[in-house]
Amino acid sequence: MSEGWTLSVNGEERTFVGDGMTRLLDVLRESLGLVGTKEGCGEGECGSCSVLLDGDVVCSCLVPVFQVEGRDVRTIEDATAVPGLAALQDTMVTEGGVQCGACTPGIVLTAAVLLERSERPDRAAIREALAGNLCRCTGYERIFRAVEKLVDQRPRGAL
Amino acid sequence: MRGNQGTLRRHETMAHIDHGRMVGTSPARTDGAQKVRGLCRYVDDLEFDGLWHGATVRSPHACARIVAIDAAAALADPDVVVLTARDLPGPNVLRLIADDWPVLADGRVNHFAEPVALVAAPTRERARAAVGRVEVRYEVERGIHDLDQALASPRILASCRIERGDLEAGFAAATHVVEGVYDTAHQEHVYIEPQGMVARPTAQGELEVIGSLQCPYYVQKALALLFDEPVRVRQAPTGGGFGGKEEFPDAIAAHAALLARRVGRPVKIVYDRHEDMQATPKRHPSRVRHRTGVDAAGKLCAMEIEVILDGGAYTTLSGVVLSRAVLHAGGAYACPNVRIEGRALATNTVPSGAFRGFGAPQTQFAVERQMDRIARLIGTDPLTLRERNAYRLGDVTPTGQVLEESVSALECLAAAQARTDFKRRWHEIEDARASGEGHALHGIGLALSWHGAGFTGEGEQRMRSPVRLALVAPDCVEVRVAACDFGQGTTIVLSQIVADALGLPTEMVRVVDPDTSKVPDSGPTVASRTVMVVGGILERAGRRLVRELGQGGAPPASPAEFVELARAYLTQHGELEVEERFEPAPGQTFDETTYTGTAYSAYGWGVHVAEVRVDADTLATRVERATLVFDVGKAIHPVLCAGQVEGGSLQAFGFGHLEDLRLSEGRPLQDSLSTYVIPTAVDAPDFDTILIENPTRSGPQGAKGVGELPMDGGGPALVAAIENATGIVATRAPATPEVLLEDLLAGRTLGPEAVAGALQAGEPLEGLR
Amino acid sequence: MGAPDAVAVAGCTDLMVVDTATGRRHGAVVDLQRLPELAGVRDDGGWIDIGAAVSFSQLRREALVAEHAPILVQAAATIGGWQIQNRATIGGNIANASPVGDSLPVLLALGAELVLASSSGERRVSYADFHRGYRETVLEPGGLIVRVRVPHALPDQFQGFKKVGTREAQAISKVVVALSARRVEVGGQEHLADVRLGAGAVAAMPIRLRRTEALLEGAPVGADTATRAAREARAEVNPIDDARSTARYRAHVLGRVVRRLVGDISA
Ligand SMILES: Cc1cc2nc3c(=O)[nH]c(=O)nc-3n(C[C@H](O)[C@H](O)[C@H](O)COP(=O)(O)OP(=O)(O)OC[C@H]3O[C@@H](n4cnc5c(N)ncnc54)[C@H](O)[C@@H]3O)c2cc1C
Ligand code: FES
Ligand code: FES
């Protein structure tokens with residue numbers, strides 16, 4: 001299956017030549033030099049390889065590049081991957097949601113999608129959204145608070 | 001008192017403590033902005049020209065003789081290089097305590113996944129393919145795979161003993177004698193970034209290694225012995241350690257360096273998760289036996305404790321882990337008559353190693369469960385029993401150390417009671433349990449723990465760690481230490497301490513990346529020593545730098561004055577570097593042969609209160625809320641400090657009920673993140689963290705180490721809460737649903753009438769008995 | 001549909017894990033998520049008709065599924081985290097034929113049928129006849145699951161689902177059970193009818209607990225029936241020890257969960 005595959009990565013059209021079953025993770029990290037996406041397990045368990053595929057968060061270690069042909073991929077390197085990403089990034093730092101950082105790119109992307117899709121996620125919703133992103137350092141509490149802080153800052157709609 | 005990372009302050013202040021402006025605030029960590037944007041470069045993210053990839057041939061057996069190694073098929077790929085123990089330039093040993101840990105197996109393997117040969121190739125795929133083509137013939141032998149087998153024919157890796165008072169007299173005076181045996185299993189670190197290392201010959205022909213590690217000088221010493229040449233070691237940003245990157249990087253660095261020397265180019269070895277879980281050290285499994293004498297009121301009269309650790313195939317760090325295990329085995333309780341004996345035994349399993357807490361979580365699991373048992377016997381609640389026995393100022397520990405300052409056990413207990421209304425709720429559940437209905441069983445449990453900060457005994461005195469501070473520009477002071485940040489926030493925390501000593505904002509302090517060519521050996525980043533010990537020496541260095549800058553005159557009174565003086569100094573003399581070393585407080589001695597004296601110059605104190613919900617049908621436990629009360633001396637950076645406490649506590653809860661690693665013939669049954677489960681965001685409780693500041697003379701602005709303490713009490717608090725909820729008395733961590741079921745079936749409960757009603761309902765157990 | 005020896009892939013959440021572990025390579029590959037025949041959820045005269053390449057995220061959002069097969073939505077919500085649900089498909093879950101697949105006992109309980117396609121054409125099979133043994137099914141080599149069909153729910157139909165995973169989320173099942181039954185009034189008392197009880201992780205393949213179903217069929221709703229069903233369910237299975245749990249635990253918990261689900265009918 002060695003062919004050329006064209007995909008849009010962070011808004012730019014990119015071509016990868018090689019086996020279509022190559023993991024998107026390897027294409028990003030090794031061919032495109034986008035090493036912000038991390039590999040923690042290679043089996044879909046840890047979420048540190050999370051990227052956005054047509055806006056949905058997926059594990060890039062489980063996506064063969066041929067399936068991404070013609071589709072839109074966004075990685076942590078794209079400051080505009082999700083609206084509100086930058087505010088979340090800053091809040092994660094100030095609230096203490098970041099320790100070693102290995103889980104952080106994946107967590108930030110997933111949480112940003114939650115904040116984009118849900119107006120006022122409560123803690124249960126935040127937990128559920130992050131269930132596929134393991135963090136071994138923080139105990140998650142400060143990550144939850146970072147997200148909750150942004151939710152609290154949103155103007156409350158009329159009831 | 002404010003919760004949620006609020007701090008409870010002691011109003012007494014100590015004369016020598018400055019109250020600076022940076023310490024106590026929570027500035028953004030310096031690597032934060034990069035990490036959240038994916039710009040932080042870990043070892044696997046770095047680029048090197050002409051990089052090759054290394055991979056490891058590992059033993060499929062736990063105990064076997066190596067008959068032959070045939071690399072011919074692998075070498076059919078002309079680029080592939082294969083190395084075995086015969087190709088080592090120096091002694092085949094990674095030196096730690098005993099010289100028994102080989103770089104590569106030679107003649108025999110003593111544990112599953114032991115490295116037998118190394119392979120390098122231009123790509124990772126070719127290296128991995130070549131691994132499969134190295135044929136090793138083994139003659140399998142019978143191994144020793146667990147503590148039961150090891151106890152039957154023990155090979156002792158390390159032992160130690162503490163004795164104080166008159167044990168027999170203590171038991172004679174006791175009203176009750178309580179016995180208990182407690183077990184804990186292997187625990188895997190699961191740092192999210194697996195182990196990884198790059199080694200390369202530099203343009204000058206030197207050897208350099210860069211990797212994910214906690215202790216650059218450990219690696220340097222290991223390589224210096226192997227290559228008989230100076231080696232430069234640099235820490236790359238490290239994606240979690242928890243002790244797992246303390247000693248093991250010596251091995252992977254040696255492997256990468258051997259390959260790099262052979263092929264004359266950079267070689268990278270990065271483990272995948274399976275390899276990491278199979279081949280790297282884990283927490284020592286333990287069995288702890290308690291025999292305790294108490295008087296009618298539950299005051300401890302005598303404690304006899306036996307600690308057995310499973311050290312695995314090689315000694316590595318077992319001696320020091322055992323020492324810490326034994327020193328903490330009596331818990332945070334005063335008892336006049338104590339004997340604690342410890343042994344670490346060899347088994348044919350991957351060497352057990354450093355893991356947050358270093359033996360203390362295992363022995364404190366046991367003592368906390370034992371205290372719960374005692375509380376029931378004398379008819380009181382767990383908190384009251386602890387109040388009666390907890391250390392107070394002036395009490396004496398089993399090593400004869402008089403606790404002269406910063407003892408906060410009672411204060412932590414009081415704060416936990418105030419916050420959670422523990423006693424009332426515990427009793428209410430006890431009273432209602434047997435008649436309760438519904439499948440959600442609620443319980444509350446608590447543990448008190450203590451943890452000595454810094455190296456044990458005179459370890460710090462022997463090391464006399466140097467640190468350096470250098471004025472490199474009028475507005476920049478460089479911190480030169482080997483302390484590694486692998487998530488804890490060491491970098492910003494040390495810069496806060498130094499900033500206050502200098503009277504500067506943190507922006508004017510820069511902590512350089514750990515690199516053995518640039519920083520002195522200020523010791524490993526372990527043992528809760530970085531803030532208290534390294535930070536303490538840095539504080540002194542800061543004061544000295546200011547003095548020297550003043551050149552006899554008045555020290556600078558403001559940052560602006562500092563810059564002015566600094567500019568003048570730099571033009572006159574050039575860079576100003578000061579070095580300070582560890583200085584022991586007077587009168588602190590420890591005798592390692594008799595285990596008497598000052599084991600640690602300061603102790604942190606903590607209480608975990610776990611509130612759980614146990615499903616009566618599945619026996620699955622969810623920690624819903626955790627109240628953490630910790631005396632850290634001084635919270636240098638309250639946000640990061642709370643993060644340490646919470647993250648460590650979640651690891652402890654995982655240890656308590658979730659993280660099960662079982663072996664079959666020495667081979668781990670759980671070697672992936674799918675089978676070895678750590679807590680997800682849904683498993684994590686809501687944390688309510690209260691930091692108490694009861695300063696120590698031994699740390700900067702009173703700070704004590706906090707890295708390990710949160711690991712100690714989480715497990716027993718959780719298991720105690722399960723007991724409160726269900727009536728099942730678990731004595732093993734993790735108390736998985738399977739373990740709880742067996743306990744229930746075997747009648748290891750508070751008694752048939754005391755088991756939760758919902759567990760007895762229907763006809764649940766008959767068919768299984 | 002591509003070369004005859006082509007490997008059909010959907011969300012790749014099973015396939016890629018195996019590929020990475022074994023280093024195996026494929027020739028031609030077909031992306032099932034691009035085939036319109038396998039897409040979408042529609043109402044089809046008394047049935048809801050689900051494309052095999054529909055992801056679990058999509059299932060969770062479908063009002064039709066929520067209305068007629070709420071336990072399928074519940075199961076979908078427990079399959080991995082967001083990342084997995086966004087990719088994993090119901091057809092992949094079925095084709096992978098793991099004994100622990102979480103949607104499978106649900107499909108057994110709901111009386112689903114499958115539309116299968118192969119070189120010899122399309123056929124319908126009852127899902128209850130699909131699994132043959134450990135990862136063995138009636139699907140011929142190269143055959144495809146095209147649609148998954150679930151009958152509309154009846155007004156008196158009870159549906160229950162319980163997954164016992166290794167932890168609270170992103171967990172593989174130690175035991176998973178789904179129940180569907182109608183409540184029929186006979187002589188002023190509610191009785192059970194058309195009982196289907198599916199279970200996973202207690203045998204080499206997802207199974208219907210036929211003996212327990214027989215016991216429940218026509219039985220009065222209530223705690224006593226629930227307790228008897230628990231005993232029967234436990235006796236009818238022969239689970240194993242593995243890296244995730246023990247045979248004894250699985251048998252015990254199966255009984256407890258069956259009791260709870262049957263008990264919930266009267267609640
Ligand atoms: C981290 C993680 C967590 C998971 N958690 C769960 C869980 O909680 N519960 C659970 O049940 N599963 C779980 N899984 C397993 C997996 O996600 C599911 O089995 C999923 O439904 C598989 O679907 P897929 O589309 O990804 O299949 P693929 O991986 O694309 O395919 C799997 C196999 O089925 C074949 N196939 C796929 N679709 C069809 C079709 N329409 N016709 C014929 N053959 C087909 C493929 O050729 C392949 O051999 C998990 C997996 C991971 C990695
Ligand atoms: S690396 Fe993809 S989920 Fe862990
Ligand atoms: S910050 Fe280290 S794993 Fe999350």
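All chains are named by letter (A, B, ...) in the order of the sequence lines, taking the proteins before the strands, and each is independently numbered beginning at 1. Keep in mind that what you see is a predicted model, and the values were worked out from it rather than measured.
Going from atom CG of B/Asp683 over to atom OG1 of C/Thr166 covers 8.5 Å, rounded to the nearest 0.5 Å. Rounded to the nearest 0.5 Å, atoms CG (B/Leu740) and OH (C/Tyr249) are 9.0 Å apart. Remark: C/Leu261 CG to B/Asp617 CG distance equals 9.0 Å, nearest 0.5 Å. Atom OG1 of B/Thr736 sits about 14.5 Å away from atom CZ of C/Arg244, to the nearest 0.5 Å.
In this structure B/Val682 satisfies the side chain to side chain contact (heavy atoms under 4.5 Å, CB included) test together with A/Arg127, A/Ala131, B/Thr680, C/Glu168, C/Ala169, sequence neighbours excluded.
Residue-environment remark: CG (C/Asn238) stays at or below the threshold of 12 foreign heavy atoms within 6.0 Å. When the shell of 6.0 Å around CZ of C/Arg24 is examined, it contains more than 12 heavy atoms from other residues, nucleotides or ligands. Other residues, nucleotides and ligands place no more than 12 heavy atoms under 6.0 Å from the CD atom of B/Glu437.
The greatest number of non-hydrogen atom pairs below 4.5 Å with chain C, out of B/Ala681, B/Ser674, B/Pro679, is found for B/Ser674. Of the listed residues (C/Ala21, C/Gly255, C/Ser245, C/Ala171), the one with the most heavy-atom contacts under 4.5 Å to chain B is C/Ser245.
Side-chain atoms of C/Lys174 and B/Glu738, non-hydrogen and from C-beta on, do get closer than 4.5 Å to each other.
Between B/Thr618 and C/Val253 the shortest heavy-atom distance is CA-CG2, 4.1 Å. Closest of all the heavy-atom pairs between B/Arg662 and C/Asp242 is NH2-O, 3.9 Å.
Heavy-atom distances place both the backbone and the side chain of B/Ala616 under 4.5 Å from chain C. Of the atoms belonging to B/Asp615, it is side-chain heavy atoms, and not backbone ones, that fall under 4.5 Å from chain C. B/Leu673 touches chain C through its backbone: at least one of N, CA, C or O sits under 4.5 Å from a heavy atom, while the side chain does not.
The backbone N or O of B/Ile678 lies less than 3.5 Å from a partner atom in the side chain of C/Arg167, making a donor-acceptor pair.
Residue pairs that meet the side chain to side chain donor-acceptor pair (under 3.5 Å) test with at least one member in residues 200-212 of chain C, sequence neighbours left out, are C/Arg208-C/Glu213, C/Arg211-C/Glu232, C/Thr212-C/Glu236.
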